[in-house]
Amino acid sequence: MALVWERPVAERRRSVPLDRDLIVATAVALADRDGLDSVTLRRVAADLDVLPMRLYTYLATKDDLLDLLADWAYGLVELPGPRTVWRPALRKVARELRSIATGHPWVITLFGTRSPYGPNGLRLVERVWSALYDRAPDPATAAAACTAFIGYVTGALAQEAGAPDSPDVQRYLATAVGGGAYPTLARAFAELGPADTFMGGLDVVLDGIATRLTAPAAPRR
(Lines give C-alpha, C1' and ligand atoms only; values in the text may rest on other atoms or scores of the structure.)
Protein backbone atom coordinates (compact mmCIF):
# COMPACT_ATOMS: atom_id res chain seq x y z
CA MET A 1 0.00 0.00 0.00
CA ALA A 2 1.29 3.47 -0.88
CA LEU A 3 2.16 5.74 2.02
CA VAL A 4 0.02 8.80 2.56
CA TRP A 5 2.80 10.96 1.11
CA GLU A 6 2.42 9.13 -2.20
CA ARG A 7 -1.34 9.47 -2.57
CA PRO A 8 -3.19 12.05 -4.68
CA VAL A 9 -3.38 15.61 -3.42
CA ALA A 10 -6.17 16.88 -5.67
CA GLU A 11 -9.54 15.71 -6.96
CA ARG A 12 -12.13 16.76 -9.51
CA ARG A 13 -14.07 19.92 -8.63
CA ARG A 14 -17.17 19.18 -6.58
CA SER A 15 -19.74 21.22 -4.70
CA VAL A 16 -17.43 21.38 -1.66
CA PRO A 17 -13.77 21.84 -2.74
CA LEU A 18 -11.46 19.56 -0.82
CA ASP A 19 -7.73 18.97 -0.65
CA ARG A 20 -5.18 17.56 1.77
CA ASP A 21 -4.26 20.94 3.26
CA LEU A 22 -7.90 21.66 4.09
CA ILE A 23 -8.31 18.23 5.71
CA VAL A 24 -5.22 18.80 7.85
CA ALA A 25 -6.25 22.34 8.81
CA THR A 26 -9.67 21.07 9.87
CA ALA A 27 -8.11 18.26 11.91
CA VAL A 28 -5.72 20.73 13.58
CA ALA A 29 -8.63 22.98 14.58
CA LEU A 30 -10.50 19.96 15.94
CA ALA A 31 -7.48 18.78 17.96
CA ASP A 32 -6.89 22.28 19.33
CA ARG A 33 -10.51 22.49 20.39
CA ASP A 34 -11.25 18.99 21.68
CA GLY A 35 -7.94 17.13 21.93
CA LEU A 36 -6.26 14.52 19.76
CA ASP A 37 -8.66 11.72 20.75
CA SER A 38 -11.45 13.68 19.09
CA VAL A 39 -9.76 13.55 15.69
CA THR A 40 -11.47 10.87 13.62
CA LEU A 41 -12.20 10.75 9.91
CA ARG A 42 -15.90 10.99 10.69
CA ARG A 43 -15.49 14.10 12.88
CA VAL A 44 -13.23 15.79 10.34
CA ALA A 45 -15.70 15.01 7.54
CA ALA A 46 -18.54 16.44 9.62
CA ASP A 47 -16.61 19.66 10.22
CA LEU A 48 -15.96 19.87 6.49
CA ASP A 49 -19.64 19.15 5.75
CA VAL A 50 -18.79 16.22 3.50
CA LEU A 51 -19.38 12.49 3.65
CA PRO A 52 -16.53 10.48 5.26
CA MET A 53 -15.97 8.63 1.98
CA ARG A 54 -14.75 11.89 0.42
CA LEU A 55 -11.67 11.72 2.67
CA TYR A 56 -10.64 8.33 1.35
CA THR A 57 -9.34 9.97 -1.82
CA TYR A 58 -6.48 11.13 0.38
CA LEU A 59 -6.47 8.91 3.48
CA ALA A 60 -6.80 5.18 3.93
CA THR A 61 -6.92 5.16 7.74
CA LYS A 62 -6.85 7.41 10.77
CA ASP A 63 -3.14 6.61 11.01
CA ASP A 64 -2.63 8.45 7.73
CA LEU A 65 -4.33 11.50 9.21
CA LEU A 66 -2.15 11.35 12.33
CA ASP A 67 0.95 11.13 10.13
CA LEU A 68 -0.17 14.24 8.28
CA LEU A 69 -0.82 16.05 11.57
CA ALA A 70 2.64 15.16 12.85
CA ASP A 71 4.21 16.43 9.66
CA TRP A 72 2.17 19.62 9.91
CA ALA A 73 3.65 20.19 13.38
CA TYR A 74 7.19 19.49 12.18
CA GLY A 75 6.60 22.04 9.45
CA LEU A 76 6.15 24.76 12.09
CA VAL A 77 9.77 24.34 13.22
CA GLU A 78 11.97 27.21 12.10
CA LEU A 79 15.17 25.30 11.36
CA PRO A 80 18.59 26.81 12.10
CA GLY A 81 20.73 27.82 9.15
CA PRO A 82 23.23 25.36 7.68
CA ARG A 83 26.18 27.34 9.04
CA THR A 84 24.93 27.35 12.64
CA VAL A 85 27.32 25.62 15.05
CA TRP A 86 25.96 22.21 16.07
CA ARG A 87 25.14 23.00 19.68
CA PRO A 88 23.20 26.25 19.09
CA ALA A 89 21.50 24.50 16.17
CA LEU A 90 20.21 21.66 18.35
CA ARG A 91 19.20 24.06 21.12
CA LYS A 92 17.13 26.01 18.59
CA VAL A 93 15.44 22.87 17.31
CA ALA A 94 14.61 21.83 20.88
CA ARG A 95 13.21 25.26 21.77
CA GLU A 96 11.13 25.31 18.60
CA LEU A 97 9.63 21.90 19.31
CA ARG A 98 8.82 22.90 22.88
CA SER A 99 7.19 26.12 21.69
CA ILE A 100 5.02 24.20 19.23
CA ALA A 101 4.08 21.69 21.93
CA THR A 102 3.12 24.55 24.24
CA GLY A 103 0.78 26.00 21.63
CA HIS A 104 -0.61 22.62 20.54
CA PRO A 105 -0.16 20.16 23.45
CA TRP A 106 -1.67 17.28 21.47
CA VAL A 107 1.36 17.19 19.15
CA ILE A 108 3.51 15.76 21.97
CA THR A 109 1.82 12.39 21.54
CA LEU A 110 2.56 12.48 17.82
CA PHE A 111 6.21 13.45 18.34
CA GLY A 112 6.67 10.33 20.43
CA THR A 113 4.64 7.88 18.35
CA ARG A 114 4.71 8.87 14.66
CA SER A 115 7.83 8.36 12.57
CA PRO A 116 8.91 11.57 10.78
CA TYR A 117 8.55 10.18 7.25
CA GLY A 118 6.79 13.20 5.76
CA PRO A 119 8.63 16.01 3.96
CA ASN A 120 8.68 18.34 6.96
CA GLY A 121 9.75 15.57 9.32
CA LEU A 122 12.54 14.47 7.01
CA ARG A 123 13.80 18.05 6.70
CA LEU A 124 13.94 18.30 10.48
CA VAL A 125 15.74 14.98 10.89
CA GLU A 126 18.14 15.90 8.09
CA ARG A 127 19.01 19.13 9.91
CA VAL A 128 19.66 17.30 13.19
CA TRP A 129 21.80 14.66 11.51
CA SER A 130 23.69 17.23 9.44
CA ALA A 131 24.60 19.06 12.65
CA LEU A 132 26.32 15.98 14.05
CA TYR A 133 27.14 13.42 11.40
CA ASP A 134 30.42 14.78 10.04
CA ARG A 135 31.55 15.96 13.48
CA ALA A 136 31.38 12.53 15.08
CA PRO A 137 34.39 10.20 15.06
CA ASP A 138 32.36 7.44 13.38
CA PRO A 139 28.82 6.86 12.01
CA ALA A 140 27.70 4.81 15.02
CA THR A 141 28.54 7.66 17.39
CA ALA A 142 26.71 10.12 15.13
CA ALA A 143 23.61 7.92 15.12
CA ALA A 144 23.75 7.50 18.90
CA ALA A 145 24.05 11.27 19.39
CA CYS A 146 21.10 12.01 17.12
CA THR A 147 19.00 9.35 18.83
CA ALA A 148 19.91 10.67 22.29
CA PHE A 149 18.96 14.23 21.32
CA ILE A 150 15.63 13.33 19.75
CA GLY A 151 14.83 10.88 22.53
CA TYR A 152 15.51 13.48 25.21
CA VAL A 153 13.39 16.17 23.58
CA THR A 154 10.35 13.95 22.94
CA GLY A 155 10.61 12.30 26.36
CA ALA A 156 11.04 15.56 28.25
CA LEU A 157 8.08 17.14 26.46
CA ALA A 158 5.93 14.12 27.29
CA GLN A 159 6.98 14.29 30.95
CA GLU A 160 6.28 18.01 31.06
CA ALA A 161 2.85 17.50 29.50
CA GLY A 162 2.08 14.89 32.14
CA ALA A 163 2.76 17.30 35.00
CA PRO A 164 -0.33 17.71 37.19
CA ASP A 165 -2.53 20.65 36.29
CA SER A 166 -5.48 19.76 38.49
CA PRO A 167 -5.81 22.21 41.43
CA ASP A 168 -6.46 19.28 43.74
CA VAL A 169 -3.28 17.47 42.67
CA GLN A 170 -1.23 20.66 42.89
CA ARG A 171 -2.57 21.34 46.37
CA TYR A 172 -1.76 17.77 47.45
CA LEU A 173 1.80 17.94 46.08
CA ALA A 174 2.42 21.36 47.63
CA THR A 175 1.33 19.99 51.02
CA ALA A 176 3.22 16.70 50.69
CA VAL A 177 6.46 18.22 49.41
CA GLY A 178 6.29 21.20 51.73
CA GLY A 179 5.85 19.05 54.82
CA GLY A 180 9.58 18.47 55.28
CA ALA A 181 9.80 14.83 54.20
CA TYR A 182 11.11 15.70 50.73
CA PRO A 183 13.53 18.61 51.20
CA THR A 184 15.29 18.25 47.85
CA LEU A 185 12.03 18.21 45.94
CA ALA A 186 10.86 21.25 47.93
CA ARG A 187 13.97 23.17 46.89
CA ALA A 188 13.61 22.09 43.26
CA PHE A 189 9.93 23.11 43.13
CA ALA A 190 10.80 26.50 44.60
CA GLU A 191 13.85 27.21 42.44
CA LEU A 192 13.03 25.69 39.04
CA GLY A 193 10.36 26.18 36.43
CA PRO A 194 9.46 23.85 33.52
CA ALA A 195 11.61 25.77 31.03
CA ASP A 196 14.62 25.65 33.38
CA THR A 197 14.24 21.91 33.76
CA PHE A 198 13.81 21.29 30.04
CA MET A 199 16.77 23.39 28.90
CA GLY A 200 18.93 22.23 31.81
CA GLY A 201 18.33 18.60 30.91
CA LEU A 202 19.04 19.42 27.28
CA ASP A 203 22.40 20.93 28.21
CA VAL A 204 23.32 17.78 30.13
CA VAL A 205 22.54 15.71 27.01
CA LEU A 206 24.49 18.09 24.78
CA ASP A 207 27.45 17.97 27.18
CA GLY A 208 27.46 14.21 26.80
CA ILE A 209 27.24 14.49 23.01
CA ALA A 210 30.13 16.98 22.99
CA THR A 211 32.27 14.50 24.90
CA ARG A 212 31.51 11.73 22.43
CA LEU A 213 32.17 13.95 19.43
CA THR A 214 35.75 14.46 20.55
CA ALA A 215 36.39 10.84 21.56
CA PRO A 216 38.49 8.54 19.36
CA ALA A 217 36.64 6.45 16.83
CA ALA A 218 35.47 3.08 18.12
CA PRO A 219 37.56 0.18 16.80
CA ARG A 220 35.92 -1.86 14.05
CA ARG A 221 34.98 -5.40 15.02
Side-chain angles (χ1 to χ4, degrees), residues 2-7 9 20-21 24-25 28 36 63-161 194-221:
L3 297 178
V4 65
W5 321 110
E6 303 171 305
R7 297 206 182 98
V9 294
R20 183 176 291 166
D21 289 342
V24 171
V28 168
L36 188 62
D63 280 340
D64 287 344
L65 181 55
L66 296 179
D67 284 338
L68 289 171
L69 287 176
D71 201 60
W72 170 86
Y74 289 129
L76 299 179
V77 176
E78 182 180 338
L79 296 177
R83 297 182 181 274
T84 308
V85 177
W86 74 267
R87 185 165 184 142
L90 295 187
R91 283 177 60 87
K92 178 175 176 58
V93 169
R95 285 196 303 268
E96 288 280 315
L97 289 170
R98 184 172 184 270
S99 176
I100 293 163
T102 299
H104 307 277
W106 51 270
V107 305
I108 296 172
T109 298
L110 300 180
F111 287 161
T113 59
R114 315 307 297 185
S115 297
Y117 291 155
N120 294 322
L122 288 176
R123 278 194 291 270
L124 173 62
V125 174
E126 167 69 18
R127 186 64 189 90
V128 171
W129 279 67
S130 69
L132 296 171
Y133 201 79
D134 291 334
R135 292 168 176 80
D138 54 69
T141 298
C146 293
T147 300
F149 168 74
I150 294 171
Y152 169 75
V153 172
T154 56
L157 289 177
Q159 185 175 24
E160 189 174 320
D196 300 317
T197 303
F198 178 82
M199 295 306 295
L202 176 64
D203 281 334
V204 170
V205 172
L206 296 181
D207 286 346
I209 290 174
T211 299
R212 294 297 301 273
L213 293 181
T214 58
R220 293 183 179 275
R221 295 183 178 179

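Computed from a prediction, not measured in an experiment: that's the story for all the values here. Residue numbers run from 1 in the order of the sequence given.
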In terms of heavy-atom contacts, Pro139 and Tyr133 come closest through CB-OH, 3.4 Å

For Ala145 and Ile209, the nearest pair of non-hydrogen atoms, with its separation, is O-CD1, 3.6 Å

Q. Within a strict 4.5 Å, meaning less than it, do heavy atoms of the Asp21 and Trp72 side chains meet?
A. no

CZ of Arg127 to CG of Leu132, rounded to nearest 0.5 Å, is 9.5 Å

Scanning both residues in full, the closest heavy-atom pair of Leu157 with Phe111 reads CD1-CD1, 4.3 Å

* Thr147 side chain to Ala144 backbone, donor-acceptor under 3.5 Å -> no

Val107 and Ala101 have their tightest heavy-atom pair at CG2-CA, 3.8 Å

* Indicate yes or no for a side-chain donor-acceptor contact from Tyr152 to the backbone of Leu202 under 3.5 Å, with no hydrogens or angles considered. => yes

d(Arg135 CZ, Ser130 OG) to nearest 0.5 Å is 7.5 Å

Closest non-hydrogen atoms of Val77 and Leu124, given as atom of the first, atom of the second and distance, are CG1-CD1, 4.2 Å

The reported gap from CD1 in Ile108 to OG1 in Thr113 (rounded to nearest 0.5 angstrom) is 11.5 Å

| task | Please say whether more than 12 non-hydrogen atoms of neighbouring residues, nucleotides or ligands are located less than 6.0 Å from CZ in Arg212. | result | no

- Do Asp203 and Arg91 come close enough that some side-chain heavy atom pair is under 4.5 Å? yes

Below 4.5 Å, heavy atoms only, C-beta onward: do Lys92 and Thr84 meet side chain to side chain? no

Are Val205 and Leu90 packed together at the side-chain level, in the sense that at least one heavy-atom pair is separated by less than 4.5 angstrom? no

Next on the checklist: Checking the side chain of Asp71 only, and the main-chain atoms of Gly121 only, is there a donor and an acceptor separated by less than 3.5 Å?
Outcome noted: yes

Exercise for the section: Begin from the C-alpha positions of Arg95 and Val153 and carry the test side chain to side chain contact (heavy atoms under 4.5 Å, CB included) through to its verdict. Expected result: CA-CA 9 Å; Arg95 285 196 303 268; Val153 172; over 6 Å; no

So CH2 of Trp129 and CD1 of Ile150: to nearest 0.5 Å the spacing works out to 8.0 Å

### Query
Thr102 side chain to Arg98 main-chain N or O, any donor-acceptor pair under 3.5 Å?
yes

In short, Leu213 meets Pro137 closest at the heavy-atom pair O-CD, 3.6 Å

(Q) I want to check something: taking the side chain as every heavy atom from C-beta on, are Ile100 and Tyr74 in contact at a cut-off of under 4.5 Å? (A) no

Rounding to 0.5 Å, atoms CZ (Arg114) and CG (Leu69) come to a distance of 9.5 Å

